[in-house]
Amino acid sequence: MAEEVSNKQVILKHYVTSYLKESDMELKNTTIKLNVPEGSNAMVLKNLFLSCDPYMRNRMKKFEGGYVESFTPGSPITGYGVAKVLESRDSNFQKGDLVLGRTGWEEYSIVTASPTLFKIRDKDVPLSYYTGILGMPGLTAYAGFYEVCSPKKGETVFVSAASGAVGQLVGQFAKMLGCYVVGSAGSKEKVDRLKSMFGFDEAFNYKEEQDLDAALKRHVPDGIDIYFENVGGKMLDAVLLNMKIHGRIAVCGMISQYNLEQTEGVHNLFCLISKRIRMEGFLVFDYYHLYPKYLEMIIPQIKAGKVVYVEDVAEGLESAPSALVGLFSGRNIGKQVVMVSRE
């Protein structure tokens with residue numbers, strides 16, 4: 001008989017149409033048998049670290065035709081995580097393997113292998129890094145900056161939400177290439193960290209600026225070649241006025257819009273024509289083929305101390321709802337991670 005154990009889960013109670021609250025989720029105690037059914041190629045995972053990501057908010061809405069499916073109310077939330085294989089009927093994964101991929105917001109999950117489930121081979125770095133710099137956010141920063149933005153040495157790069165999981169890396173990649181880098185963030189502490197820790201040339205607190213257009217003109221008076229877009233709304237509108245001719249905008253996310261029932265309009269789109277700007281949205285799914293190449297580049301940089309990564313780790317599955325909600329008020333400092341177990 002397979003061992004049956006308790007399995008704490010984070011459940012989405014209902015679809016969310018306005019600002020996300022902790023009460024939209026609930027902690028549920030269930031049980032699970034730690035075995036894989038006969039004839040299945042699934043595996044049993046013990047979840048160690050879970051990634052809190054802004055895109056998860058969109059999965060809490062009821063919609064069709066999106067790039068990811070909506071969550072199912074009454075079922076566990078799912079997302080990226082790091083886990084240990086307890087049992088496997090997939091020949092590519094063995095008991096004891098550490099993996100990165102989609103898993104449930106629960107202590108144990110039964111999953112089947114997919115192209116987005118990767119075996120973790122380099123364990124000389126913190127395992128939690130595989131939810132961030134060595135996971136989906138890291139590859140997002142790498143692909144968005146190098147593949148979508150087509151950067152060149154000496155260009156001016158502006159990054160919004162610059163202290164977050166993706167933004168802190170985009171800024172460092174731009175500095176490594178020899179760009180002039182400016183970032184925006186939501187507190188004095190974050191702004192100071194952008195300059196002192198991540199090497200940004202300039203940074204400002206957008207919450208203290210009455211006029212974002214004026215703030216950008218103050219920090220990038222000669223204009224912006226590359227904008228790495230993470231927030232949307234009023235910031236995008238102001239940036240469009242400050243782009244250089246033939247500038248590039250990589251649209252990674254729009255976190256300012258995810259909690260709004262009616263999203264804000266953008267008024268300065270004519271700048272795309274008058275300044276011949278290329279504005280391109282992208283999804284990390286389209287760049288998974290670059291993941292091995294990315295790891296070859298980034299792991300030596302981490303070990304040599306040339307790239308810095310800041311995490312905000314919440315302990316225990318019960319802290320996950322609060323950690324996720326905190327993303328949308330900027331409560332986190334760096335990549336928000338939930339530690340479910342220390343193995």
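Being a predicted model, the structure only gives us computed values, none of them experimental.
In terms of hydrophobic clustering, with Ile, Leu, Val, Met, Phe, Trp and Tyr side chains grouped at heavy-atom distances under 4.5 Å, L20 and Y55 are assigned to a common cluster. Using a 4.5 Å cut-off between side-chain heavy atoms of Ile, Leu, Val, Met, Phe, Trp and Tyr, with links allowed through other members, Y130 and M339 fall into the same hydrophobic cluster. F285 is not connected to L117 by any chain of hydrophobic side-chain contacts under 4.5 Å among Ile, Leu, Val, Met, Phe, Trp and Tyr, and they are in different clusters. Connection of L272 to F158 is established within a shared hydrophobic cluster, with ILVMFWY side chains joined at heavy-atom distances below 4.5 Å, either directly or through further cluster members. In the hydrophobic clustering of this structure, F71 groups with L324; members are Ile, Leu, Val, Met, Phe, Trp, Tyr whose side-chain heavy atoms approach within less than 4.5 Å, directly or through other members.
In the displayed structure, K188 atom NZ is contacted under 6.0 Å by at most 12 heavy atoms of other residues, nucleotides or ligands. Enclosure of atom NZ in K95 is not indicated, since only 12 or fewer non-hydrogen atoms of other residues, nucleotides or ligands lie within 6.0 angstrom. Counted within 6.0 Å of NZ on K195, heavy atoms from surrounding residues, nucleotides or ligands total more than 12; the atom is thus considered enclosed. More than 12 heavy atoms of other residues, nucleotides or ligands sit less than 6.0 Å from atom NZ of K207.
Side-chain contact check for I255 versus F328: some heavy-atom pair is nearer than 4.5 Å. Y288 is not listed as a side-chain neighbour of P115, based on a closest heavy-atom distance of 4.5 Å or more. Proximity of P321 to V10: side-chain heavy atoms (C-beta onward) are separated by under 4.5 Å at one or more points.
One finds a salt bridge joining K175 and D201 here, because a Lys/Arg side-chain nitrogen approaches an Asp/Glu carboxylate oxygen to under 4.0 Å. With salt bridges taken as basic N to acidic carboxylate O contacts below 4.0 Å, none links K234 and D237. With salt bridges taken as basic N to acidic carboxylate O contacts below 4.0 Å, one links E38 and R89. Ion pairing between K61 and E261 fails under the 4.0 Å rule for side-chain N and carboxylate O.
Considering every non-hydrogen atom in both I133 and V307, the closest pair reads CD1-CG1, 3.7 Å. Nearest approach of C271 to L241, heavy atoms of both residues: SG-CD2, 4.0 Å.
At a cut-off of 3.5 Å, with distance as the only test, no side-chain donor of N29 or S6 sits close to an acceptor on the other residue. Side-chain contact of D90 with S88: a donor-acceptor pair under 3.5 Å is absent, judged by distance alone. K335 and S51 share a side-chain donor-acceptor pair at under 3.5 Å.
The CD atom of E22 sits 4.0 Å away from atom OG of S322, with the distance rounded to the nearest 0.5 Å. Distance NZ/K303 to CG/D124: 4.5 Å, rounded to 0.5 Å. Rounding to the nearest 0.5 Å gives a distance of 11.0 Å between OG1 of T116 and CE of M136. Atom OH of Y291 sits about 12.0 Å away from atom CD of E296, to the nearest 0.5 Å. One finds the CD1 atom of I298 at 12.5 Å from the CG atom of D122 (value rounded to the nearest 0.5 Å). A distance of 5.5 Å separates CE of M25 from CD1 of I77, quoted to the nearest 0.5 Å.
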Side chain to side chain donor-acceptor pair (under 3.5 Å) between K13 and S23, worked out: CA-CA 8 Å; K13 291 165 68 174; S23 59; 5.7 Å; no
Derivation of the side chain to side chain contact (heavy atoms under 4.5 Å, CB included) call for L169 and T140: CA-CA 9 Å; L169 290 173; T140 299; over 6 Å; no
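Geometrically, R102 engages Y80 in a cation-pi contact, judged by NZ or CZ lying under 6.0 Å from the ring centre and within 45° of the ring axis.
Residues Y287 and Y142 place their aromatic rings such that the two centres sit no closer than 6.0 Å. When ring centroids are compared, F145 and F173 stay outside the 6.0 Å threshold.
The aromatic rings of F198 and F200 lie perpendicular to each other, with more than 60° between the two planes, well past the 30° mark. Taking the six-membered ring for Trp and thresholds of 30 and 60 degrees, Y129 and Y309 have ring planes more than 60 degrees apart, a perpendicular arrangement.
For the pairing with R248, the salt bridge (Lys or Arg N to Asp or Glu O under 4.0 Å) check across E280, E147, E155 returns one residue only, E155.
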